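For reference, the structure is listed below as structure tokens.
Quick caveat: nothing in here was measured; it's all calculated off a predicted structure.
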Amino acid sequence: MNIKSLKLGELESLACDIRERILSVVSTNGGHLSSNLGVVELSIAMHYVFNPPNDPFIFDVSHQSYTHKLLSGRWNEFDSLRQFGGISGYTKPNESEYDYFIAGHSSTSISLAVGAAKAIKLKNEDRLPVALIGDGALSAGMAYEALNELGDLKYPCVIILNDNEMSISKPIGAMSKYLSQMMAGPFYQKFKSKINQLLELMPDSAAYMAKRLEEGIRLITPGMFFEELGLEYIGPVDGHNIKDLISAFSVAKNMKKPVIVHAQTIKGKGYEIAEGPKEKWHGVSPFNPQNGIALQKSSQKNATEIFSSLLLELASKYDNIVGVTAAMPSGTGIGALIEKFPDRFWDTAIAEQHAVTSMAAMAKEGFKPYIAIYSTFMQRAYDQVIHDCAILNLPVVLCMDRAGIVGEDGETHQGAFDISFLNAIPNFTLAAPRDELMFKEIMEFSYSFNSPLAIRYPRGNFGLSDEFKPVKVELGKSQILSQNNENVAFIGYGNAVAKAYKVAKFLDINPTIIDLIFIKPLDKELLLNLAKEHKKWYIFSDSAKRGGVGEILSGFLQENNIKDVNIISFEYEDKFITHGSINLVENSLNISIEEIAKKIIL
């Protein structure tokens, strides 16, 4: 959609149409709502002033890229948003040339923009990287590492700071608001440039006084921090005023320097129910747009709710329990604990590395930390898990929500790799519950366990409820759920035990079914006995094959010189997993119950 010829009134009308389109599709498909409604005018102004795809548009996290998708040729496809085979809820280069980079994790945009600026400089091209980053993403250290280098290099680059909470800096009084509006206009930027040229010709004493005056003005404006880093600053700008945004972006474009454009927006703008800092409207399931009520509500507690209630119960009993999450208090269930124990549970914002290391120190001080972070986001703190937790063998508990396929969020969010990357770390123990009752047993075990422990559990509901009786958890001990003397064993880990059970039911067979409970350490005695009579082991785990449960068990057999057991794993193949409903994605990977059943040889 070419919008450069549209007049201001037409652009404003377009903004209304886009909001209606986003609300209609997201209320049907689910997705990120408030973040996208808040950047409609920003995105329109970006497309109006800059020249994508020649100018790389880099969206931080990219959960606010829906307007960009609609403006870049995907209006008709937008109904397929987040559906299997449809367009992604995030930027995706193989979907459109307008999507410069894949994104789903926070705080990468400025680093990408710096890299693009370096490449453009080396190739001597007339292009300008444009990054859109939210104020929340500036809580992660990577953004400051990139700003630090950019301020030194001074390569042309525009960074649009979407401040939807005014959490970067609040305008101070009427004078500050006036000065900020003035600084967003072309007159001030041109005036400042002329003054700097004049200062070079002035005597030192006069130049010193002029500089002090400029610094005094900057002290009462929000841009001081960025300018101290060597970046130009424009703003704050009303992020819903298309005319002002076009003016500010045009100034930034022509400066040929690294520029921060600070725009203040309202999350959920235009849909009153979702307006403002309301976390529940950030990512939503399908809902009725007339009243905001979700269309489907499960009566069964999901794994996150179970974790939250179990940890709340433990924390009420033991006052040395502390905990942390990284910007996901409701998503991880830690919000309830922050509310009840605000001095013992914290949200560090988007700072997984800091979250892990700060809890390592608390473990050193004698506390029992529970670190609740999605499996996919735990990847961001891998060095901290090794360097700050494992080497000293500190009793932290990694509580990894969203393990396995998470569905519509796709490649950047699937919890496929935690078993593979944690199994390699000395001193770590890995466990997973198959249902609510075993989750309770594992949580009870976790409190008294005195080494690093990682617990993985799924998004949504467990596949089992009360089909099997729980057992008291002992380190490295598995549970035999059903047993026979035939050749076949179904070995499950975590929520995938349910799939082993359901495949057996589907085939109307009665194999030996094992719940590993622990994948590190293994129950060596049980497995050695199993290998004597059961020569076909079918492995069920919601994880990657490479470094996963099947490979771990294959290594165990090799180490014990057992050569007559055949292992077949139904874990994920060595590729990234696309977005879509979990059932459709599993069908595409040939790991649905029906597809697995076809591969079972008795």
Side-chain angles (χ1 to χ4, degrees), residues 300-301 303 306 310 403-404 419 429-446 455-458 460-543 548-550 552-554 556-557 565-571 586 591-594 596-597 599-602:
Q300 183 182 348
K301 283 195 296 184
I306 293 168
L310 290 174
I419 294 173
T429 293
L430 277 59
R434 65 174 180 263
D435 56 25
E436 179 175 358
L437 296 175
M438 282 306 297
F439 207 165
K440 181 176 177 63
E441 296 295 334
I442 288 175
M443 288 293 286
E444 289 285 352
F445 167 84
S446 71
I455 307 171
R456 74 185 324 251
Y457 44 97
N461 300 333
F462 282 107
L464 295 173
S465 51
D466 57 358
E467 287 83 351
F468 301 104
K469 291 182 179 180
V471 293
K472 183 175 176 62
V473 172
E474 297 179 50
L475 178 62
K477 292 297 181 182
S478 301
Q479 182 182 3
I480 299 173
L481 302 178
S482 67
Q483 187 169 17
N484 65 39
N485 295 321
E486 295 180 7
N487 196 35
V488 175
F490 284 9
I491 301 176
Y493 184 57
N495 192 44
V497 173
K499 188 174 286 185
Y501 172 73
K502 291 176 181 179
V503 168
K505 287 290 185 183
F506 183 84
L507 290 170
D508 194 22
I509 60 175
N510 184 34
T512 293
I513 301 178
I514 306 294
D515 177 6
L516 288 171
I517 303 177
F518 293 91
I519 192 59
K520 183 183 182 184
L522 292 169
D523 189 337
K524 296 181 180 180
E525 181 181 357
L526 182 148
L527 293 172
L528 289 173
N529 287 330
L530 187 70
K532 292 175 183 177
E533 294 185 355
H534 298 73
K535 303 303 180 182
K536 290 180 181 177
W537 290 6
Y538 291 100
I539 309 304
F540 297 80
S541 177
D542 298 326
S543 54
V549 173
I552 292 169
L553 292 177
S554 295
F556 169 80
L557 293 175
V565 172
N566 183 28
I567 284 185
I568 299 173
S569 171
F570 300 120
E571 296 169 281
E586 287 192 342
I591 56 171
S592 65
I593 290 170
E594 294 80 4
I596 289 174
K599 302 171 186 175
I600 301 295
I601 301 173
L602 300 179

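- Heavy-atom minimum distance, Ala597 versus Val503: CA-CG1, 4.3 Å.
- Arg456 is listed as a side-chain neighbour of Tyr493, based on a closest heavy-atom distance under 4.5 Å.
- Residues Phe518 and Leu475 meet the side-chain proximity criterion, which asks for heavy atoms closer than 4.5 Å.
- In this structure, the side chain of Glu571 does not engage the main chain of Ile539 through any donor-acceptor pair within 3.5 Å.
- Between Asp435 and Asp466, the closest side-chain pair of non-hydrogen atoms is not below 4.5 Å.
- Taken from CE in Met438 to NZ in Lys472, the straight-line distance is 11.0 Å, to the nearest 0.5 Å.
- Between the Ser482 side chain and the Pro511 main chain, a donor and an acceptor come within less than 3.5 Å of each other.
- Other residues, nucleotides and ligands place no more than 12 heavy atoms under 6.0 Å from the NZ atom of Lys524.
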Candidate pair Leu516 and Phe540, rule side chain to side chain contact (heavy atoms under 4.5 Å, CB included), full reasoning: CA-CA 10 Å; Leu516 288 171; Phe540 297 80; over 6 Å; no
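- Closest heavy-atom contact between Leu437 and Ser465: CD1-O, 4.5 Å.
- Using bins of under 30°, 30° to 60° and over 60° for the plane-to-plane angle, the ring pair Tyr501/Phe468 lands in the perpendicular bin.
- Rounding to the nearest 0.5 Å places CG of Leu530 at 5.0 Å from CD1 of Ile514.
- Inter-residue side-chain proximity for Glu444 and Val473 is flagged as unmet; no heavy-atom pair is nearer than 4.5 Å.
- Other residues, nucleotides and ligands contribute more than 12 heavy atoms inside 6.0 Å of the CD atom of Glu467.
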Side chain to side chain contact (heavy atoms under 4.5 Å, CB included) assessment of Trp537 paired with Leu527: CA-CA 10 Å; Trp537 290 6; Leu527 293 172; 4.2 Å; yes
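- Between Val565 and Leu553, every side-chain heavy-atom pair lies at or beyond the 4.5 Å cut-off.
- Taking the six-membered ring where the residue is Trp, Phe439 and Phe462 present perpendicular rings, their angle passing 60° and hence far from 30°.
- Distance check: Asp542 CG to Asn495 CG gives 5.5 Å after rounding to the nearest 0.5 Å.
- Proximity of Arg434 to Leu481: side-chain heavy atoms (C-beta onward) are separated by under 4.5 Å at one or more points.
- Looking only at side-chain heavy atoms (C-beta outward), Phe490 and Ile509 come within less than 4.5 Å of each other.
- The distance from atom CG of Leu528 to atom CG of Leu557, rounded to the nearest 0.5 Å, is 8.5 Å.
- Salt bridge annotation for Glu586-Lys499: present, with a cationic side-chain nitrogen under 4.0 angstrom from a carboxylate oxygen.
- Without hydrogens or angle criteria, Asp515 side chain to Gln479 main chain gives no donor-acceptor distance under 3.5 Å.
- Between Glu486 atom CD and Glu533 atom CD the span is 11.5 Å, to the nearest 0.5 Å.
- Taking each heavy atom of Ile593 and Lys502 in turn, the nearest pair found is CD1-CB, 3.5 Å.
- Ile306 has its side chain out of reach of Tyr457: every pair of non-hydrogen atoms, C-beta onward, lies at least 4.5 Å apart.
- Ile419 approaches Gly548 most closely through the heavy-atom pair CG2-CA, 4.3 Å.
- Taking OG1 from Thr512 and NZ from Lys536, the interatomic distance works out to 14.0 Å, rounded to the nearest 0.5 Å.
- Of all heavy-atom pairs spanning Ser541 and Val549, the tightest one is OG-CG2, 3.4 Å.
- Ser478 and Asp523 get closest at one heavy-atom pair: N-OD2, 2.9 Å.
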